[in-house]
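Taking it in order: structure first as structure tokens, then the write-up.
Lettering follows sequence order; numbering is per chain, from 1.
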Amino acid sequence: MGKRIGIENSIAAAEAVKMADVDVVAAYPITPQTHIVEHLAELVADGDLDAEFIPVESEHSAMSVCCGSSAAGARTFTCTSAQGLALMNEIVFIAASLRLPIVMILANRSLSGPLSIWNDHTDAMSVRDCGWIQVFVENGQDLFDHVLWAYRVGEDPRVSLPVMINIDGFIVTHVIEAVEYWEEDQVKRYLPEFKPVNVLHPDKPVTMGAFGVPGIFSEAKKAQDEAILASRPYILEGWKEMAKVIGREYRPVESYKTEGAETVFLTMGSFGETVSIAVDTLRGQGKPVGQVKLRLWRPFPFNEIREALAGVKRVIVIDRAISYGGPGGPVASEIRAALYKEKNMPAITNFLCGFAGRDVTPDDFMKMYEKTLELTKRGAKVREEDYIFYGVRE
Amino acid sequence: MAKIVKSEEELGWKDIEVGCTVSQPGNAAQYKVGDWRSSRPIWDHAKCVKCGVCFLFCPDAAIHKIEESYFEADLYYCKGCGICAHECPTRCITMIEETE
């Protein structure tokens with residue numbers, strides 16, 4: 001077993017990137033991603049990590065450099081948040097269509113405006129459809145483990161896709177937790193050498209990023225969609241193999257106290273731990289409440305969600321982003337799509353909360369539970385557009 | 001010209017290489033750009049002095065020499081831009097509208 005130490009999660013994440021022995025780090029500093037990249041810069045400057053650290057002039061350049069280095073066969077890392085992600089947006093989509101297995105940690109922060117540096121998922125949702133494999137992790141250990149998982153899965157030649165690890169900014173990135181580092185030999189056993197499917201090299205010239213005429217563009221999109229759908233078994237394999245190496249097992253959808261539960265909370269990211277406390281309290285009061293945590297956001301685990309929510313009467317979906325003028329929260333929208341036409345489809349309530357780092361406590365989640373019981377009394381229908389901004393003052 | 005890859009009509013999504021990479025060089029020559037054309041160049045051999053200016057200026061290298069050193073456009077590639085007609089010192093090239 002690796003050593004378990006108390007450390008800031010950002011530093012632990014950077015150490016995981018070091019253990020993955022990356023070749024190139026290209027990033028631009030932005031709060032709350034900063035400590036991860038700062039620590040990587042130190043590791044490279046001190047000679048502890050043999051990699052090129054490229055201090056670019058913007059996030060657009062960061063992702064462009066990442067595409068170039070990954071195309072050249074280098075194991076590549078970057079990290080950003082909110083506005084930085086918005087600035088690199090164009091290239092984020094291109095990285096996926098070029099099938100370059102870059103790994104990016106997205107320290108989730110609100111997308112302005114109003115200007116904010118605090119945590120929610122509005123940045124992540126702006127690239128929901130970018131074609132990357134996207135996971136939401138919950139704590140420092142989760143983050144550490146998923147850096148190595150992301151390289152293993154993304155670089156698998158049967159996958160060859162970039163991977164985005166979402167971690168709640170400040171709330172998790174800046175917190176000191178107990179993190180168990182992997183041993184060198186565990187990393188060696190788990191993470192093979194990067195052998196790119198295609199590589200830019202003069203010995204065998206190829207063109208990447210060629211023009212796609214109308215006659216083949218749809219075929220190219222279909223191929224890209226099939227690629228991310230086909231990545232599912234290797235995503236699962238990555239978690240199963242991790243369990244063999246370090247004993248922790250992750251799944252696309254994770255359930256907590258759902259046995260006999262009539263009402264189930266559904267969260268992504270660090271709210272999972274807070275909801276667990278609320279679930280414990282409610283269970284203590286004899287209320288049939290459980291919890292489902294959505295870890296894998298893309299490719300979306302439709303079947304696992306259906307299985308996890310089978311037989312429940314109510315689902316309380318917590319969203320930390322909004323689709324303005326649309327169906328409320330993006331997570332609820334997906335859950336409704338997954339459960340549509342299921343036998344005895346549960347009533348789904350959708351609470352939008354925790355924007356820009358506003359605290360949401362176990363007490364708040366218990367109030368959402370009460371509100372859900374009230375809204376769904378006597379089988380009342382909750383419509384798609386009935387979402388609630390929780391705790392907003394009139 | 002030897003065919004390197006499948007044509008647009010034949011190419012299915014399973015044929016597309018990972019990341020749309022093009023691993024066989026030179027296949028752009030197979031791409032038919034002639035169907036973008038709305039007009040085509042016609043040479044009046046009575047006025048043509050065989051200077052080759054049209055051949056030099058053609059941005060697609062679609063113009064080639066034929067018998068008696070006159071020139072003509074390969075309609076597989078000619079996009080009908082009209083640069084040849086514009087540059088011809090004797091005004092021997094006319095752009096006529098494609099009717100199909």
Checklist entry - Could you give the distance from CD1 (A/Ile102) to CG (A/Leu161), rounded to the nearest 0.5 Å? => result 11.0 Å

Item to check | Atom NE2 of B/His86: over 12 foreign heavy atoms under 6.0 Å | outcome: no

Next on the checklist: Which atoms of A/Ala227 are under 4.5 Å from chain B, going by heavy atoms: the side chain, the backbone, both sets, or neither?
Outcome noted: neither

Check chain B and chain A for donor-acceptor pairs under 3.5 Å and report each one on its own line.
unit_1  : atom_1 : unit_2   : atom_2 : d
B/Val18 : O      : A/Asn198 : ND2    : 3.3
B/Thr21 : OG1    : A/Asn198 : ND2    : 3.2
B/Val22 : N      : A/Thr207 : O      : 2.8
B/Val22 : O      : A/Thr207 : N      : 2.8

For residues 44-59 of chain B, which side-chain donor-acceptor pairs fall under 3.5 Å, sequence neighbours excluded?
unit_1  : atom_1 : unit_2  : atom_2 : d
B/Asp44 : OD1    : B/Ala46 : N      : 3.0
B/Lys50 : NZ     : B/Glu68 : O      : 2.8

Checklist entry - Under 6.0 Å from the CZ atom of A/Phe217, do we count more than 12 heavy atoms belonging to anything else shown? => result no

Next on the checklist: Any non-hydrogen side-chain atom of B/Asp60 less than 4.5 Å from a side-chain atom of B/Cys78?
Outcome noted: no

Checklist entry - Can you name the closest pair of heavy atoms from A/Ala96 and A/Cys130 and give their distance? => result CB-O, 3.2 Å

Checklist entry - Measuring from A/Met164:CE to A/Ile105:CD1, what's the distance to the nearest 0.5 Å? => result 12.0 Å

Item to check | Heavy-atom proximity to chain A below 4.5 Å, by part of B/Leu11 | outcome: both

